[in-house]
Amino acid sequence: MTLARARQGLAHGREALVSVLDQLLLRMGRHRAVAQVDSRHAPIQALLRRLGFRDEGDDRQKFFFKGGADERSYALLASKWPAKASRFR
């Protein structure tokens with residue numbers, strides 16, 4: 001997820017992610033959502049944790065972009081989503 005700098009910090013990313021998770025976990029019946037993010041990107045990691053995602057670890061030197069970076073994986077079970085989702089509506 002990437003937002004223009006002027007739109008960052010205005011909850012647009014959270015709103016979009018909540019909508020995607022509702023669709024995926026509640027309407028489509030998927031049992032698990034996974035997010036893989038650049039391990040240097042602290043704001044998205046904090047958002048994922050607030051939404052109930054669990055940190056599942058790093059993939060070291062997963063990709064090479066601007067000098068190479070690790071990728072951190074997060075997952076959220078559908079059974080955990082309804083309780084978390086109600087806080088964001």
Side-chain angles (χ1 to χ4, degrees):
M1 176 182 323
T2 303
L3 296 174
R5 191 167 303 279
R7 306 310 300 171
Q8 293 175 5
L10 300 174
H12 297 311
R14 185 193 72 217
E15 290 174 14
L17 195 49
V18 166
S19 293
V20 168
L21 291 169
D22 279 345
Q23 181 68 26
L24 184 69
L25 301 175
L26 301 179
R27 294 182 191 92
M28 295 177 68
R30 302 292 188 231
H31 77 282
R32 186 171 187 256
V34 174
Q36 295 175 317
V37 301
D38 184 328
S39 63
R40 300 169 293 186
H41 196 324
I44 191 67
Q45 292 179 63
L47 173 59
L48 292 170
R49 286 190 298 270
R50 280 195 310 274
L51 292 175
F53 279 78
R54 179 180 159 197
D55 185 342
E56 296 200 330
D58 287 326
D59 286 327
R60 307 284 296 163
Q61 294 294 305
K62 176 87 180 240
F63 58 94
F64 291 95
F65 178 72
K66 295 183 181 179
D70 297 343
E71 186 174 76
R72 185 167 290 268
S73 296
Y74 289 85
L76 173 67
L77 297 176
S79 60
K80 303 291 185 186
W81 179 238
K84 287 286 186 181
S86 63
R87 293 179 39 206
F88 299 103
R89 291 198 192 94

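Along the sequence shown, residues are numbered consecutively beginning with 1.
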Pairwise distance [atom1]([X]) to [atom2]([Y]) - rounded to 0.5 angstrom:
| X | Y | atom1 | atom2 | answer |
| --- | --- | --- | --- | --- |
| Lys80 | Arg54 | NZ | CZ | 10.0 Å |
| Leu24 | His31 | CG | NE2 | 10.5 Å |
| Asp22 | Trp81 | CG | CH2 | 6.0 Å |
| Arg50 | Leu17 | CZ | CG | 10.5 Å |

What pair of heavy atoms forms the shortest contact from [X] to [Y], and how long is it?
| X | Y | answer |
| --- | --- | --- |
| Leu25 | Ala78 | CD2-CB, 4.0 Å |
| Asp38 | Ala69 | OD1-CB, 3.9 Å |
| Gly52 | Leu76 | O-CD1, 3.3 Å |

Side chain to side chain contact (heavy atoms under 4.5 Å, CB included) involving Ala42 - partner list, sequence neighbours excluded: none

Qualifying residues under side chain to side chain contact (heavy atoms under 4.5 Å, CB included), relative to Arg49, sequence neighbours excluded: Gln45, Ala46, Tyr74

Check the hydrophobic clustering (I, L, V, M, F, W, Y; side-chain heavy atoms under 4.5 Å; chains of links allowed) and say if Leu51 and Leu26 are grouped together. yes

List the residues meeting side-chain hydrogen bond (donor to acceptor under 3.5 Å, both in side chains) with Arg32, not counting sequence neighbours, and say none if there are none. Glu56

Quick one, Leu47 and Ile44 - any side-chain contact, counting heavy atoms below 4.5 Å? yes

